[in-house]
Amino acid sequence: MNFSLTEEQQMLADSVRRWVRDGHDGEARRRDKTRRPLDAALWRQFAELGWLALPFAEDDGGLGGGPVETLVLMEELGRGLVVAPYVPTVVLGGGLLRRAGPAWRERHLPALIEGRLQLALALDEYERVFAPENTALTATAEQGGYRLDGRKALVLNGDQADALLVLARTGGVPGDEHGLSLFWLTPDQDGVSLAPHRTVDGHTAAKLTLERVHLPAEALVGEPGGALAPLRATLDEALLALGAEAVGALSVLLDDTVEYAKTRRQFGVPIGDFQALQHRMADMFMALEQLRSLLLAATLKVAEGHADARRAVHALKARLGLDGRHLAQEAIQLHGGMGMTDELAVGHYFKRLTAINGLFGGADAHLAAFADA
Amino acid sequence: MNFSLTEEQQMLADSVRRWVRDGHDGEARRRDKTRRPLDAALWRQFAELGWLALPFAEDDGGLGGGPVETLVLMEELGRGLVVAPYVPTVVLGGGLLRRAGPAWRERHLPALIEGRLQLALALDEYERVFAPENTALTATAEQGGYRLDGRKALVLNGDQADALLVLARTGGVPGDEHGLSLFWLTPDQDGVSLAPHRTVDGHTAAKLTLERVHLPAEALVGEPGGALAPLRATLDEALLALGAEAVGALSVLLDDTVEYAKTRRQFGVPIGDFQALQHRMADMFMALEQLRSLLLAATLKVAEGHADARRAVHALKARLGLDGRHLAQEAIQLHGGMGMTDELAVGHYFKRLTAINGLFGGADAHLAAFADA
Amino acid sequence: MDLTIPDHEQSFREEVRDFLARAMTPEIREAGRLTTSVFAPVKQAMDWQRILHEQGWAAPHWPREYGGTGWSVGQRTVFAEELVRAGAPPLIPMGLQMCGPCLIGYGTEEQKAHYLPRILSGEDIWCQGYSEPGAGSDLASLKTFAESDGDHYVINGTKIWTTYAHHANRMFLLVRTRRDGKPQAGITFLLLDMATPGITVEPIVGLDEVPEQCQVFFDNVRVPKANRVGEENDGWTVAKYLLTFERGGQDYAPGLGVQLEQLKARARRQATATGSLADDPLWRRQVADCETRVLALSFTEQRIKSALSAGKDPGALSSMTKILGTELQQRVTELAVDTLGAQALLWQPGALVPGGGEAPLGPEYALTTMASYLNARACSIYGGSNEVQRGIIAKAVLGL
Amino acid sequence: MDLTIPDHEQSFREEVRDFLARAMTPEIREAGRLTTSVFAPVKQAMDWQRILHEQGWAAPHWPREYGGTGWSVGQRTVFAEELVRAGAPPLIPMGLQMCGPCLIGYGTEEQKAHYLPRILSGEDIWCQGYSEPGAGSDLASLKTFAESDGDHYVINGTKIWTTYAHHANRMFLLVRTRRDGKPQAGITFLLLDMATPGITVEPIVGLDEVPEQCQVFFDNVRVPKANRVGEENDGWTVAKYLLTFERGGQDYAPGLGVQLEQLKARARRQATATGSLADDPLWRRQVADCETRVLALSFTEQRIKSALSAGKDPGALSSMTKILGTELQQRVTELAVDTLGAQALLWQPGALVPGGGEAPLGPEYALTTMASYLNARACSIYGGSNEVQRGIIAKAVLGL
């Protein structure tokens, strides 16, 4: 066992950190009240720096990185509170394309890697608890293709995606693991409407409504009825990426809180002198270290294909929802009134963590999945 | 609404408290290393003081008290850590007899009230999760009566009971609410064997083994197959009594801890000066007050027959298992090494609470029942 | 001991219920649904206060001579419960709950005659000038100074976390009038007109992007000495009275109960593969955990009121209900976020403005859920942080 | 980064497993099953140590020249894990884990030559004289005084929480040799023979009714100065080394993992109406909560060892694993009690004595469950209370 970064990985970490520091930290982003959905210049830099190529095979024009490289990138982006659709486009969209066969890869990965293709995955449905197998939206087979009807909620990056991957039922009923298929959809198609909106963390998403959307058979991504396996593998990678981002964000929350406690004075002393707060900050530190351990465990197990890899991913997401959330709440509490303001960074990190915890199943769902795995 | 004791109830409280202080407090009991299963003199006093008559109707020779009177008695006994089989004999045994029809009451209540009859309820079974409807032990109908076979675990007071009430299946399978019947059994009957043992809290119990025990039809207590309703009502009363005892015990744990924190010095000051410990003791105080509120809520609702009474009983038992347990653990922790010794009272209160939490279903089971009620 | 509800309280409950059904306009109801803070949108809250005032019910807890209702403790509880159940927006407390009782207790006859009717009618909107950048939990260390100048004070300094200062036309505040001695000893309680020259109000945007709080700057602000409540340097007495009130004056359990009922209704609409989230044992456990705690708190609040009715002083127990109520409020809003999953992330602050006209892109409750969760993070900080309250319990109750 | 296990560690694991299967006698296995503390029954623990010593495996972490194995960090982890999995009783740590390393680090050649072989072989049984009635968490305030008298010290005072003092023939202890200056500065580290005149040992009965701890009284106990380890007044250096070791020297995760597996097996035997407790979603959630925490701790322990292998000092991180490990241990034993319900209340201390001959009135694990739970309450107190450890993290790691 070995927990050191390779020289290349260390260089990646340093370069992301430098880039963040040079004008892309959350503080800068936070003050940009225009809240543009996508910063085109920023995305161009992502492409130029090679980050969009990171997880793709060299044969596909990528850099051949894996979960560890994504971890390195995402943790630094999390630390910088960088708002960018990396997970929707590269991790989710790219992950599904990677698993969809050579034709899909050849057709779309070059554009994605060059920063010319934005993607979104339409997964969540209104009034349905998150779980891919709980999908109800129907894709009815018809002459030469499929007809899609239904709604999807909170399609991350859906407002600016050039194409959407839509999970739909070509068979079975909600709860069935079979009968799930993925479709490639562009927003300009008849019957597609997208209502863009912000999310609590300053990212953007869309409500997707499909009314009699006719798709050719070629719009089917991967095997008909066989979407679940590649989707789950892709979701594992997304959970790792978000986990790394969360650990980066949590480390800032801890640092900021400790720093604040050293300077903020009440009752004549820095509040960091109060033993009750010291113990709580010690708990925050331990929570962060345990989450970092789970992040490493899950990332390395997925990277190396261990049999219990998914179990470790569930553990990571569950504990983020329990201990990561608590850490973030403590960061607000220990900042007092200042923690409640839009002005300090702490609230913005808090909101990003809240969003991450809300995505792709909560703590109890992942604990249950962990127990079943 | 009114939360004051009546004059009579206040007199009862005062008299129990006086009796406990005059030589029956836990400290005295604790030093009595002989750990006699039943102190006959003590039980005689219970009879003389009228406590054994407390919950029975005046027509049955009782004092006509209800759950509130039992609360008053049990809270003080809990505060004194008095070891006596009040719950098995009076609350459980007496409660089932009260509900079994006039013949059973006439035959046995006088002896019970005079202190000449010890009872035990045989409920728990080995390797079966507690729940009356989960009972497996069979009572097979046969010529003129029933044949009982099976084992019961942790029969409280079973080592010294003159008679046992045994819950058995005359029909249905584990999980069914019907088919449960209660039988009156004396330890001298053929095929009955009792292995006495201590319980962790210094009380006693027995393992009961029934091998081809033939009972006459008259041994059936109440309606055949209809034991569940009276049993549940009786268990509610037992949970209230144990809840009151627990609140009494917890109040001592809090008081002792605060007192200890004021006198024990480390790092040059009383440990009660440490803010982290102050906050934890404040939490202990709040937990105790919330448990007291639930005890009052559940007791009054049961006493007045409110529709949501059982729900409140579940709430009480669940929170005792969560917050009461935590309070008791904190009491040990704040006593440091001394809390771990047989010498201080704190450990003995802790063990009694542990036992109460283990009886008749744990916190999760009661939370689930609360949600279903 | 008994839980009996007197007949007259039962019929009173019917009366209140009928009135609320009649009196709450669609606009008031909408404002109630869209309120995600203890502070409702100001316009609708004041409209609602005027409706209640017409009925004579704006300040049930005030003595009858000043416009109160003369209700019993039990009736006041019924009224508060029914307001919560009907989903009415809460009235803004700074005038009715804070300044009013203070004036009744410590004001001069002139002050009472002038201000109390205007508080009741809603003509005046008050804000509370207590905290300062360097004096939050440690309120006694406040520094805003009022220099005596003839029959005026001249105030310099700043106040922070001044809720609705940008909506208020009046402020009650604590200022320092003496620099030596114990920090508590040199504090004076004043009333001022927000239009007085030298006052600058800067709204503070919160996590929920709402400017609910403000910072207020005082630059040689002249306040007549006639606006002093109580004696000079003795404002701490008035302040403490208010703080206790701020903590313990309200019941948390009724509102929490309503929120949990709403949550269960929502969970029944969240489909799983086999039924709904409301059937999920893990979700049910989380709700039962909250409900059992709310039941305990509810009886604690009853016990405290029972003691109040019997003329006893619950004292530091208000610290306990403040801690328990706010931490449960935080937990319930957290569970509400969990119940909606990713749908809670939808962020449309424009759709939360009553009458704002922006249509929500999902169920209305999906919008309020996150805003309530974010806003509720503050309730363990304000009104004396929960850390300070735990310290009070340790000292005042446990004698540590 | 990778999780690769070197081939030689895999084959080493097989070797250890084979050895344990062969070497553990039925008596040793029974003692392992009946151990409800970090301290195993003394006779069987020493028997087991002798068996391991014959194999040369009694002290894998010692340098080879003193009888260690020369194993890598990875091999030592494998060995510790396999001991836990095989259910071996833990060796008594005071000699092998505490005194031995101290002597290796700070002892004279004579001390090493004399004591180390006797520690290894089990000829000597050691106890640790650190805490005093007035010096628990605040160890530096210890008062037991050693007066210089020629080439001897004369000790007066008392030590408490001295595990197994009633079984030990030797003690290492801290005494005060100077009364002025900083409390840490006047402390000296000594070794003594428990047979020295003037020593009285009084066992302390614990919650589990086992006399595991003792109080030891010193009445003019004469100890040769040759028995001093390190310099006079410089014993704190040695003491701190030991404390760090006591906290961080062990891995908690492997044992916790085994306990959780056993718990799942037991839950499968606890019937519910529809199946077993092991199918119950609420029970499964509790286990998953523990298992995810154990997984995190396990990787934390790996990370620390990885740093150790790379020659880095994990420092205050031993405080973290001590807190997390002991609090998880407490939680797992608590869950074990919950899993058995009322059956866990059966109390038969006699049946917990290896070879005692008293038959348990239920499954053997029902007996050990409660005793383990009670005993585990101590683990957040000893070895520097978890409150002290949190303080260390706040100061040493966070700089507060």
Side-chain angles (χ1 to χ4, degrees), chain A residues 123-131 133-134 136 153-154 156 173-176 195 197-203 205-207 264-268 271 274 276-277 321 325 329 332-333 335-343 347-348 350-351 354-355 357-365 367-368, chain C residues 131 133-138 140-141 160-161 204-209 211-213 266-267 269-274 276-277 280-283 285-286 330 334 337-349 361-363 366 370-371 373-375 377-378 380-382 385-387 390-391:
Chain A
L123 213 51
D124 265 286
E125 298 186 7
Y126 288 97
E127 303 196 337
R128 299 202 75 79
V129 171
F130 173 80
E133 64 275 20
N134 198 17
L154 214 97
L156 296 174
V173 294
D176 288 344
H197 62 79
R198 292 167 55 199
T199 51
V200 62
D201 52 349
H203 286 240
K207 170 181 182 173
R264 166 74 172 166
R265 296 176 73 87
Q266 292 275 275
F267 304 102
I271 62 172
F274 289 107
L277 304 194
R325 169 152 81 179
Q329 291 172 343
I332 300 260
Q333 180 71 22
H335 274 82
M338 287 309 296
M340 288 300 299
T341 64
D342 189 69
E343 195 182 325
H348 297 271
F350 178 87
K351 290 197 269 189
T354 302
N357 283 329
L359 291 171
F360 310 132
D364 270 2
L367 278 185
Chain C
S131 294
S137 293
D138 182 14
S141 74
I160 199 167
W161 317 127
I204 300 170
V205 177
L207 283 194
D208 52 6
E209 300 183 5
E212 190 174 278
Q213 312 294 323
R266 287 167 201 174
R269 293 175 59 180
Q270 289 288 102
T272 63
T274 53
S276 80
L277 188 59
D280 178 74
L282 297 182
W283 189 85
R285 189 202 182 282
Q286 307 285 17
Q330 293 181 328
E334 180 182 278
V337 167
D338 290 346
T339 300
L340 291 183
Q343 289 166 58
L345 307 187
L346 169 62
W347 190 245
Q348 275 190 285
L361 291 169
M370 182 59 76
Y373 171 67
L374 295 176
N375 190 284
R377 303 312 317 163
S380 50
I381 298 169
Y382 60 56
S385 76
N386 287 13
E387 287 78 13
R390 283 188 165 83

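All values below were derived from every heavy atom in this structure, side-chain atoms included, with hydrogens, water molecules and symmetry-related copies excluded. Numbered from 1 within each chain, the chains take letters A, B, ... in sequence-line order. Predicted, not measured: the structure shown is a model, and the values here were computed from it.
Neither the backbone nor the side chain of A:Ala276 comes within less than 4.5 Å of any heavy atom of chain C. Both the backbone and the side chain of C:Leu374 come within contact range of chain A, judged by heavy atoms closer than 4.5 Å. Using a 4.5 Å cut-off between heavy atoms, C:Asp280 makes no contact with chain A at all. Neither the backbone nor the side chain of C:Ser141 comes within less than 4.5 Å of any heavy atom in chain A. For C:Pro133, the part lying under 4.5 angstrom from a heavy atom of chain A is the backbone only. Contacts of C:Ala135 with chain A are made by backbone atoms alone, with heavy-atom separations under 4.5 Å and no side-chain atom involved. Contact annotation for C:Ala344: neither backbone nor side-chain heavy atoms come within less than 4.5 Å of a heavy atom of chain A. Heavy atoms of A:Leu154 lying under 4.5 Å from chain C belong exclusively to its side chain. Within the 4.5 angstrom heavy-atom criterion, atoms from both the backbone and the side chain of C:Leu346 approach chain A.
Between chain C and the residues A:Arg325, A:Glu125, A:His335, the largest count of heavy-atom pairs under 4.5 Å involves A:Arg325. Comparing A:Phe130, A:Tyr126, A:Phe360, A:Phe274 by how many heavy-atom pairs each has under 4.5 Å with chain C, the most go to A:Tyr126.
Of all heavy-atom pairs between C:Leu361 and A:Lys207, the closest is O-CD, 3.5 Å. Between A:Ala153 and C:Gln343, the shortest heavy-atom contact is CB-CG, 4.1 Å. Closest non-hydrogen pair, C:Arg377 versus A:Met340, comes out as CB-SD, 3.5 Å. The two atoms that bring C:Trp347 and A:Thr199 nearest to each other are CB-C, 3.4 Å, heavy atoms only.
Of the possible polar contacts, none joining the A:Glu127 side chain to the C:Arg266 backbone as a donor-acceptor pair under 3.5 Å is found. Here the side chain of A:Gln333 pairs a donor or acceptor atom with the backbone of C:Ser380 at under 3.5 angstrom. Side-chain atoms of A:Lys351 come within 3.5 Å of backbone atoms of C:Leu207 as a donor-acceptor pair (strictly under, hydrogens ignored).
For the pair C:Met370/A:Thr354, a side-chain contact is recorded, criterion being any heavy-atom separation below 4.5 Å from C-beta on. By the 4.5 Å heavy-atom criterion applied to side chains, A:Arg198 and C:Glu209 are counted as neighbours.
With 3.5 Å as the limit, one finds a donor-acceptor pair spanning the side chains of A:Gln329 and C:Glu334.
Taking CG of A:Asp124 as the reference point, atom CG of C:Leu340 lies at 11.0 Å (rounded to 0.5 Å).
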